[in-house]
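Have a look at the structure below, then the notes.
A note on names: the letters A, B, ... follow the listed sequences, proteins ahead of strands, and every chain is numbered from 1.
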Number of protein chains: 2
Amino acid sequence: MEQHRKAKLEEKGFRVGTAAEFLGLKPEEETYIEIRLEISGLVKSQRKKRGLTQQQLARAIGSSQSRVAKMEAGEPSTSLDLMIKTLLRLGISKKQIGNLLTGKLKPDLETA
Amino acid sequence: MEQHRKAKLEEKGFRVGTAAEFLGLKPEEETYIEIRLEISGLVKSQRKKRGLTQQQLARAIGSSQSRVAKMEAGEPSTSLDLMIKTLLRLGISKKQIGNLLTGKLKPDLETA
DNA sequence: TTTCGCAATATCAAATGTGACATATTTTAT
DNA sequence: ATAAAATATGTCACATTTGATATTGCGAAA
């Protein structure tokens, strides 16, 4: 169970301790991944909500379809910087990003 | 005035349009910089609050004093990823980071 | 089935971020 | 004032992120 989750993370390129259990992830490391996943999730739901394809969003931010896909998958090879820039381009405000992190974002905004 | 601000940003390495005025910065670009500066500001105030030197914080996050300085200065050569990891290492929670962005962070937390 | 539009995955060279280090500048204490 | 500690700034080799491109998978018509 936890084992499987660890495997998924490693597979995606995240460093998960030595031979240590997934539980070996420091709380801060877990939170960091959480933050990334929440933000990338919002990118995905907002794009869909606006009826854009990955290709269209890619053009809007001067990137490529494959990078958008990786971003939405929360792959570690994409930066928070790019995710934040993308959200802003999608019309999401700083305050809304804050609400996402505090868990107070209007639910319909997280939905496709 | 705005001219001077533009110069400061360019000087730090931020792309500020062609020959365009600082006002040429798209709102999203301005917000992106705002977000970075708010987060880097919190790194600085939190480090001081805990009575750590840049050197000590650097060791704690496996980095160097010079990078901490650059991070606190909000220089574009440092990533949001590193800033967030640093805040988490300083004990700041995801929720607190959210509150920073919504403008609802307890004032004493932003203070040195 | 086949075709079509979209998304996922892999690879790669170029661009950007990185820690380390050296050195300058500022701040603090005596 | 001046020495010491902390911070700022510049450079560089190395690592990671990037857009581009190609390819594959996948579901929805036809």
Side-chain angles (χ1 to χ4, degrees), chain A residues 7-16 29 32-33 35-37 39-90 111-112, chain B residues 7-16 28-29 32-33 35-37 39-90 112:
Chain A
K8 265 228 151 181
L9 287 172
E10 281 178 333
E11 173 184 302
K12 298 262 178 181
F14 281 110
R15 287 280 170 74
V16 176
E29 299 171 323
Y32 167 65
I33 293 178
I35 289 175
R36 288 181 50 100
L37 291 181
I39 290 179
S40 78
L42 187 57
V43 169
K44 184 166 199 166
S45 62
Q46 281 295 305
R47 174 184 61 80
K48 284 188 180 170
K49 184 169 202 176
R50 285 148 208 264
L52 300 175
T53 66
Q54 291 181 342
Q55 181 66 255
Q56 291 173 319
L57 177 55
R59 277 189 226 111
I61 63 173
S63 184
S64 60
Q65 179 267 322
S66 65
R67 182 131 309 275
V68 171
K70 283 163 186 165
M71 194 164 38
E72 291 184 352
E75 289 196 14
S77 75
T78 69
S79 69
L80 274 176
D81 292 77
L82 184 60
M83 296 188 208
I84 294 296
K85 282 184 195 170
T86 302
L87 282 181
L88 295 176
R89 185 52 89 98
L90 280 168
T111 312
Chain B
K8 265 229 151 181
L9 287 172
E10 282 179 330
E11 172 186 300
K12 297 264 180 180
F14 281 111
R15 285 283 168 74
V16 176
E28 344 141 25
E29 299 170 324
Y32 167 65
I33 294 179
I35 290 175
R36 289 180 50 99
L37 292 181
I39 290 179
S40 77
L42 187 57
V43 169
K44 184 166 197 168
S45 62
Q46 280 296 306
R47 174 184 60 82
K48 283 189 180 171
K49 184 168 202 173
R50 285 150 207 268
L52 300 176
T53 66
Q54 290 182 341
Q55 182 65 255
Q56 290 173 319
L57 176 55
R59 276 190 224 109
I61 64 174
S63 183
S64 62
Q65 179 268 322
S66 64
R67 181 133 310 275
V68 171
K70 284 160 189 168
M71 191 163 42
E72 291 184 353
E75 289 197 13
S77 76
T78 70
S79 70
L80 273 176
D81 292 79
L82 183 60
M83 295 188 210
I84 295 296
K85 283 183 194 168
T86 303
L87 281 181
L88 295 175
R89 185 53 89 96
L90 279 167

Could a donor-acceptor pair under 3.5 angstrom be found where the side chain of B:K85 meets the base of C:dT18?
no
Expressed in angstrom and rounded to an integer, what is the separation of A:Q55 atom CD from C:dT9 atom P?
17 Å
Look at the side chain of B:K70 against the base of C:dG17 and say whether a donor-acceptor pair falls under 3.5 Å; ignore hydrogens and angles.
no
Heavy atoms only, 4.0 Å cut-off, all strands: where does A:R59 land among base, sugar-phosphate and nothing?
nothing
Without decimals, in angstroms, what is the distance between A:L57 CG and C:dC6 P?
14 Å
Quiz question: going by heavy-atom distance under 3.5 Å, is there a donor-acceptor pair between the base of D:dT18 and the side chain of A:T78?
no
Distance in angstrom units between A:Q56 CD and C:dA7 C1', rounded:
13 Å
Gap between atoms CD and C1', on A:E72 and C:dA8 respectively (whole Å):
11 Å
Round to a whole Å and report the spacing from CE of A:M71 to C1' of C:dA7.
13 Å
Under 4.0 Å between a side-chain N or O of A:T53 and OP1 or OP2 of C:dC6?
no
Side-chain donor or acceptor of B:Q54 under 3.5 Å from a matching atom on the base of D:dA8?
no
Under 4.0 angstrom, heavy atoms only, what part of the nucleic acid is A:S64 near: base, sugar-phosphate, or nothing?
base
A:L80 CG - D:dT16 P separation (whole Å)
17 Å
Would you mind classifying the nucleic acid contact of A:K48 as base, sugar-phosphate or nothing, using non-hydrogen atoms under 4.0 angstrom?
nothing
Taken to the nearest whole Å, CG/B:D81 to P/C:dT18 is 8 Å
Do A:Q55 and A:Q65 have side-chain N/O donor and acceptor atoms under 3.5 Å apart?
no
Gap separating the CG atom of B:L80 from the OG1 atom of B:T86, nearest 0.5 angstrom:
11.0 Å
More than 12 heavy atoms of other residues, nucleotides or ligands under 6.0 Å from NZ of A:K48: is that the case?
no
How long is the line joining CD of B:Q65 and P of D:dT9, in whole Å?
11 Å
